[in-house]
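Letters A, B, ... are given to chains in the order of the sequence lines, protein chains preceding strands, and every chain is numbered from 1. For the numbers below, each heavy atom of this structure counts, side chains included, while hydrogens, waters and symmetry mates do not.
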Protein chains: 2
Amino acid sequence: MKKTRNTTAKTAVLEVFEKSRTALSHTEIQKQLNGICDRVTIYRILERLMNDDIIHKISNLDGTVKYAKCNHSHQRVHIHNHAHFSCENCHEITCLENVKPSYIMPHNYKVKEINFTLSGLCPNCLNSNI
Amino acid sequence: MKKTRNTTAKTAVLEVFEKSRTALSHTEIQKQLNGICDRVTIYRILERLMNDDIIHKISNLDGTVKYAKCNHSHQRVHIHNHAHFSCENCHEITCLENVKPSYIMPHNYKVKEINFTLSGLCPNCLNSNI
DNA sequence: AAAAATATCGCAACAATGTTGCGATTTAAT
DNA sequence: ATTAAATCGCAACATTGTTGCGATATTTTT
């Protein structure tokens, strides 16, 4: 496999993730980068960061796609089996690192990855009495 | 609210769902309809069917969106809180009506809806030794 | 059964999101 | 400094979904 390089654009994208408490869409990243690089470049950087397990992709109930930094603190080989919360009011997506669903599968299925997304109101919006 | 009508196109779409064991994307539906109606019409029919709780929307890990018939057998007021299985080999999506995850949420979140998608190999592809 | 009301349709146009090819540029290794 | 390879920018294209509007079809009213 190819070796990935550190470039200005990649560093900038990582900084945007670092600063953000929530998951970000391609468009949101692009806005924050303020023209530092091309739209296509961002796509390609996101692809590389995903291959390197630095970020992961989250797709929403409404079909929108976001990305968030991986939290490597716990496991060596990590699977993104944590939950995500999607606020229907502010549309922010946060990783719920500690929420892990338990479930019983019918046999004959081989489960490799799970995606567990909850939606409703986040603490912020809940407090704002919306 | 508007009253929805039964049209040729809507009936055709419903038949496609009836015949299918798995969830379908807009494109897949369009192919099966074989030019019976316009692309836009299919979108509008899907919208109406969702409002009428006849079908539900499923968005995948990879960002693709599919639709499936609702199973109304159990509850009067139903929430689509069952799980979906997405096969990484044949890309079929099936509803796992009986799989319901249990989980513990941090307080301060108000959960209204959940989306639980598992991916891996479906029984068919598992048996094919892939 | 005809007329009126309105839901639905088809078409065209547009918007958002994502992909690909390719020559130019930058990075990292020698 | 040279070189090989990864990355970039641009243009072009593909896919998916949306909107406006006049035409058509369905349902209700008379």
Distances under 3.5 Å only, N/O to N/O: pair up the protein atoms with those of nucleotides 18-21 of chain D.
residue	atom	partner	partner atom	Å
dG20(D)	O6	Arg44(B)	NH1	3.4
dG20(D)	O6	Arg44(B)	NH2	3.4

Nucleotides 28-30 of chain D: which of its N/O atoms have a protein N/O under 3.5 Å away?
residue	atom	partner	partner atom	Å
dT28(D)	OP1	Lys3(B)	NZ	3.0

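One can place CG of Leu14(B) at 13 Å from P of dT8(C), the figure rounded to the nearest angstrom. With rounding to whole Å, Asp38(A) atom CG is found 18 Å from dG23(C) atom P. Put simply, NZ on Lys10(A) is 13 Å from P on dA6(D), counting in whole angstrom units. Between the CG atom of Leu24(B) and the C1' atom of dT16(D) there is a distance of 16 Å, rounded to whole Å. Straight-line distance from the CG atom of Asp52(A) to the C1' atom of dA6(D): 13 Å, rounded to whole Å. Counting to the nearest Å, the C1' atom of dT16(D) and the CG atom of Asn60(B) are 15 Å from each other. In this structure, the CG atom of Asn6(A) is 15 Å from the C1' atom of dA5(D), given to the nearest Å. Atom P of nucleotide dT7(D) and atom CD1 of Ile45(A) are separated by 9 Å, given to the nearest angstrom.
Asp38(A) contributes a side-chain N or O that, together with a main-chain N or O of Val40(A), makes up a donor-acceptor pair within less than 3.5 Å. Looking only at distances, no side-chain donor or acceptor of His26(B) sits under 3.5 Å from a matching main-chain atom of Val65(B). Of the possible donor and acceptor atoms, none in the side chain of Ser86(B) sits under 3.5 Å from a partner among the backbone N and O of Ser119(B).
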CA sep, side-chain torsions, deciding dist, call: Glu15(A), Gln32(A), side-chain contact (heavy atoms from CB on, under 4.5 Å): CA-CA 10 Å; Glu15(A) 263 173 36; Gln32(A) 291 206 38; over 6 Å; no

From CA spacing to verdict: side-chain contact (heavy atoms from CB on, under 4.5 Å), Leu96(B), Leu118(B): CA-CA 10 Å; Leu96(B) 303 169; Leu118(B) 304 104; 4.0 Å; yes

Step-by-step side-chain contact (heavy atoms from CB on, under 4.5 Å) determination, Lys110(B) to Lys112(B): CA-CA 6 Å; Lys110(B) 174 161 186 153; Lys112(B) 295 193 181 177; 4.1 Å; yes

CA sep, side-chain torsions, deciding dist, call: Tyr103(B), Ile114(B), side-chain contact (heavy atoms from CB on, under 4.5 Å): CA-CA 11 Å; Tyr103(B) 54 94; Ile114(B) 69 168; 3.6 Å; yes

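Of the two residues contacting DNA chain D, namely Tyr67(B) and Thr8(A), the nearest-nucleotide position lying further toward the 5' end is that of Thr8(A). Toward the 5' end of DNA chain C, the nearer of the two residues Thr27(A) and Thr7(B), judged by each one's closest nucleotide, is Thr7(B).
Nearest to the side chain of Arg5(A), among dC8(D), dG17(D), dA6(D), sits dA6(D).
Side-chain contacts under 4.5 Å among hydrophobic residues (ILVMFWY), followed directly or transitively, place Tyr43(B) with no other residue at all.
At a threshold of 4.0 angstrom between heavy atoms, the contacts of Ile36(A) are confined to the sugar-phosphate backbone, with no base atom among them.
Closest heavy-atom contact between Lys66(A) and Ser25(A): CD-N, 4.0 Å.
The side chain of Thr4(A) places no N or O atom within less than 4.0 Å of a non-bridging phosphate oxygen (OP1 or OP2) of dA5(D).
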